[in-house]
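A quick note: this is a predicted structure, and the numbers were derived from the prediction, not measured. We count ligands from 1, going down the list as the structure has it; atoms in each ligand are counted the same way.
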Amino acid sequence: MSEIVLAVDLGGTNIRMAAVSADGTIHVSARGKTPPDVSPAQLIDLTGELVNECVGKGLSMAEVTAFAYAAPAPAAKANDGVLTRLPNLPTLDGMPLSDLLFERFSLPVILENDATAAAIGEAWLGASRTVENSLMVTLGTGVGGGLILNREPYRGIDGTAGEIGHICVEPAGHPCGCGSRGCVEQYASATAVVRMANEAGIRVDSARELHEKAVDGDEAAAAVFHRMGSYLGIMLAGLINTINPEMIVLGGGLSAGWDAFLGAVHDEIRNRSFKAPAERVRLARAELGDDAGIIGAARTAFLIHRHKH
Ligand SMILES: [Zn+2]
């Protein structure tokens, strides 16, 4: 009998589940919408519905050894499985996720930060699989980050390592949900790009729409991406000096438009970082797409499980 981990990627908009085996193969999967203001009880019920969908597609629960939950919350090394500090899912703050899932399914639960999970997935089977030190940057609704140092995820003592989205790049800039101002998330996320476009009088509803305009030669749209890339580059220039990574992997929905902002990122890195780490670092597109977090969270569960034998 093969071992299966049921991995879940919980986001502010969508929730996805996949049955993953120890080699990273996804067998069956299911997806749903995260309800606005989701309650802990609703999340457990929703998880149950996704489990039933996977079973309906052929999953045998007898093969499942653990849940692996990737969530937009810090996951400390102690890993008590309690969700805390979720700016995009505040109604789940304080939820004892692992205990509640265990009560319902009698399976051990591993909680992993979503961006760290994506970094682990890419370092295992994706873009950064050949390097020892990498930084994963997710450009989506927010800006997230995950660190792999000497092939190991680095979570920090409180699980907040890699929270790069709230590095300040504009001291008196746009207010941020974290309580600060001018965080890079307010300039380099998909949400921010749409806001900056609207501020510039460009009527678009999504970053993809703005990217299409830029590709079609709209100079104002291109300028928004240039501005976004500059702020991202300012942040990365500091991290390149600090971490000296071999690779920076760019993922998340907005990374699809990287041709529109990569030049500005490179300019800032060239102008601001030390020469050696700036010449060393490679910027790469993520390869696992939406599956990176699922695969990375499953990887964490398999490694912890193995250590227990
Ligand atoms: Zn912030």
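- By the 4.0 Å N-to-carboxylate-O rule, Arg299 lies too far from Glu112 to be salt-bridged with it.
- Under a cutoff of 6.0 Å and an axis angle of 45°, Arg129 and Trp124 do not form a cation-pi pair.
- Remark: at the Zn ion (ligand 1), atom SG from Cys183 and atom SG from Cys178 enclose 110°, rounded to the nearest 10 degrees.
- Nearest N, O or S atom of His166 to the Zn ion (ligand 1): atom ND1.
- With hydrophobic clusters built from ILVMFWY side chains whose heavy atoms lie under 4.5 angstrom apart, Ile164 does not share a cluster with Val249.
- Within the coordination shell of the Zn ion (ligand 1), defined by N, O or S atoms under 2.8 Å, Cys168 is absent.
- You'll find the ring centres of His174 and Tyr187 outside the 6.0 Å limit.
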